Amino acid sequence: MTSEIVETSGQSLSVASNDDRVRLREGSAVLRISESDATSKAGNEITETADPSEETRMILNMGPSHPSTHGVLRLILELEGETVERSKPVIGYLHTGMEKTAETLSYAQGSTNVTRMDYASPLFTELAFSLAVEKLLEIEVPPRATWIRMLMCELNRISSHLLFQATNGMDLGAVSMMIYGWREREEVLRFFEKVTGLRMNHNYIRPGGVAVDLHDGWQADLRNLLEIIPPRLDEYDDLLTGQPLFQKRLQGVGSLNTSEALALSATGPILRSTGYDWDLRKDEPYLAYDQVDFDVIVGTHGDSFDRFAIRLNEVRESLRIVEQILDLMPSGDYRIQDKKITPPPRARIDESMEALIHHFKIFTEGFHVPPGEVYVAVESPRGELGCYLVSDGSSNPYRMHIRGPSFVNLQTLPHLMRGGLIADAVAVISSIDPIMGEVDR
Amino acid sequence: MNVPTIEAFGQRVLHPAVEELIDLVTELKQEGFNMVVDLTAVDYFSFPTRTDLPESVNPERFEVVISMINHQTRERLRLRVQIEEQNPVAPSLFDLYPGTESMEREVFDMFGINFSDHPDLTRILMPEDWKGHPLRKDFSVGQIPVQFKASKAKR
C-alpha cells in the first residue's frame, strides 16, 4: 500500500496514493456482520469458515461500556492473537432521535435541542443551525453578533481540544495528563459560564444573533485566559510531545492516506493529518474568518501522533484568533433588531403592548420561516459540521439533519485499526476523538 | 449529463431521476467533485405541495439528498433524487464513494429506503429488531406516559 503524499496546497491537490483498501466489499478491514451474530460468536473461535487461516480468529466485543470508548461506542473486533484483523463500530446506544425531536420544536426552541448533540463543542451545532435558519430567513446578523459567535466558537474549539488532550493522555496511560487537560478546559468553561450562564449546552447562539451580550470586563477575563493557557500548552509539549514512550505509542499507529480519507468522507484533523490542507474556515470562510490571521495545521503521516499534534497546535492557532478578536470586536447590537425574530427586552414588556404581543408570539408559536431547503457547513473541532434544513413555511423545521463529523469519521476506524494490537485500537479510537452524542444524535 | 438544475442560496441543486443517479455521480466525480459530504433523506409525506422543484420533476414522497463538494474549485452542489413510496429503492454510491456506507445505512434505518448493492444494509442507530422507520412522517413521536394523580377538590 503506497501512502506517499505529495506536497499539497489549497490550489493543487494532487495526491499520489491509492484508496483500494477502503473500497473493498470483501476482505476489507470492515467486519460486516450483524450485532446478534457478533454476540453469539463472541469469545468462540471461528471454525466454520472456508479459509483455514481464519480458524484461529476470535470475535471480541469491546464496549459499549468501556472506559476507552469515549461514551457508548461498541466495537466488534476480529482478533488473531492480539492483532486486530477486522472490526466494526456499533453505534446507536445514545440515539435519542434528536432529528425527530427537532421537527416538533419551533425554530426558536431548536438551538436548545441541537446544542445537546456534540456536547464537547455545543456552540458549533448551534452555529450551524442558526446560520441555516438565517439563510432561509434571508437575514444578516449585526457584526458584533458575528464576532461574538466567532470568539465563542474559537474558545469552544480550545476547550474541546483540551478535552481531547486529557482523554487521549488517559487512554495512553498518561493519567496525570487527564487532570491537566481538564484543569485548562475548566478555565475556558468558566468564561463560558460567565457569558452564557452554563458550562455546557449553552443555547447561546440563536437564530438572529446571540442570547446575551458579553459581560462587563470580558476583555480582562480573556486576557487572563490568553495568559494562562499558552505556558500550559508548552508543559503539554514537555509532558507528551517530546516523550519517547508517548511517541512510540502513537507514531505509525493508525495510518491513513489522503485518498483514503477523502474516499471515506473524513474531515477535520483526520483529513488534515494526511497532509491535506482543508479547513472550512480558510477555504469557505464563514462568519468573519477572512478578517483574522491564522494558519491551518496539517500533518504528514496521517497517524495518531499527527492527529494529536494537530489538535495541540490548533489550540495555539485558536488563541491567536482570540487575541485578534479582542482588538477587532466591533460595538453595536448583539442580535438582530427584528421583533418578529428576536424577543423584546424584558423591561419593554411592561411598557409596550406591542412588545408583549411579540414576546407572546415568539414564545408560543415561534416565527415562520419561508419554505425552502438549505445546507450550511461550519468547521467544528472534529471536522465539517453541516446542517440541512427543510422548511415548509411553518414555525417548526420540516426536517432538520445534522451532518455530524464524528459519525462520518467513525468509518475510518476499522481501516485505522487493522493489523494493530488491541492496545493500539484504544489509541486509534482516542485519536479520532468521537463524541457519541453527535454520532448517535 | 443534462438534468433539471435550480439554484438555492448560492448552491447548485440537481434533480436527477433515480435511474440516472449513478451515471451522474460518476460524471461529477470525473469533473472533480471528490467527496460526498452528506447523504440524507426527507419524507415529504405531509408537505407534498413543495414548490422548489423544477417543472419537469415529478414529486414523490421520499427524496434522497446528496451533498457533494469539489475541493479544487470549492464548489458545493446538492442532488435531490425523488424516490417513490411503493418501491423505495436507490442505488448505493458505495463503489464510487465508500464514505457513504454509514450514511446510507442511516437513511435505510430512519426512512426505510433501500440501497441496492450496498455491502451491509442493516440498521445502524435503532436496535436490530426495531419495527418501523422513525424519521418517516407517519411514525409518531411517542411520549413517556405520565400518570397525573387526581386530588380531590374541596367543593
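In the text below, chain A, chain B and the rest are named by the order of the sequence lines, each starting its count at 1. All values reported here derive from a predicted model rather than from experimental measurement.
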Turns out that what part of A:Phe407 lies under 4.5 Å from chain B's heavy atoms comes down to both
Under a 4.5 Å heavy-atom cut-off, does chain B meet the side chain of A:Leu136, its backbone, both or neither? both
Bottom line for A:Leu280: the part with an atom under 4.5 Å from chain B's heavy atoms is side chain
Is the positively charged end of B:Arg76 above the ring of A:Tyr375, judged by distance under 6.0 angstrom from the centroid and angle within 45° of the axis? no
Part of A:Tyr398 lying under 4.5 Å from any heavy atom of chain B: both
Does the side chain of B:His71 come under 3.5 Å of the side chain of A:Asp283 through a donor N or O and an acceptor N or O? no
What do you reckon, is CG of B:Asp138 surrounded by more than 12 foreign heavy atoms closer than 6.0 Å? yes
Please determine if B:Arg61 forms a cation-pi arrangement with B:Tyr44, meaning its NZ or CZ atom is less than 6.0 Å from the six-membered ring centre and no more than 45° off the ring axis. no
Chain B heavy atoms under 4.5 Å from A:Ser394: which part of the residue, side chain, backbone, both or neither? neither
A:Ile402 portion near chain B, given a 4.5 angstrom heavy-atom threshold: neither
Is it true that the NZ or CZ of B:Lys29 lies under 6.0 Å from the centre of B:Tyr97's six-membered ring and within 45 degrees of the ring axis? yes
Using a distance-only test with no angle check, is there a side-chain donor-acceptor pair under 3.5 angstrom linking A:Tyr388 and A:Arg403? no
Using non-hydrogen atoms and a 4.5 Å limit, figure out which bit of B:Ser102 sits close to chain A: side chain, backbone, both or neither. both
Where does A:Glu373 contact chain B at under 4.5 Å (heavy atoms): side chain, backbone, both or neither? both
Could you look at B:Gln11 and say if it's the side chain, the backbone, both or neither that has a heavy atom under 4.5 Å from chain A? side chain
Side chain, backbone, both or neither: which part of A:Val374 has a non-hydrogen atom closer than 4.5 Å to chain B? both
Select one option (side chain, backbone, both, neither) describing which atoms of B:Arg123 are under 4.5 Å from chain A's heavy atoms. backbone
Hey, is CD on B:Glu7 packed in by over 12 heavy atoms from elsewhere, all under 6.0 Å? yes
Contact part of A:Glu284 toward chain B, heavy-atom cut-off under 4.5 Å: side chain, backbone, both or neither? side chain
Contact class of A:Ser391 relative to chain B, heavy atoms under 4.5 angstrom: backbone
B:Val65 side chain reached by B:Arg78 side chain, heavy atoms, under 4.5 Å: yes
Is B:Thr49 close to chain A through its backbone or its side chain, or both, or neither, when contacts mean heavy atoms under 4.5 Å? neither
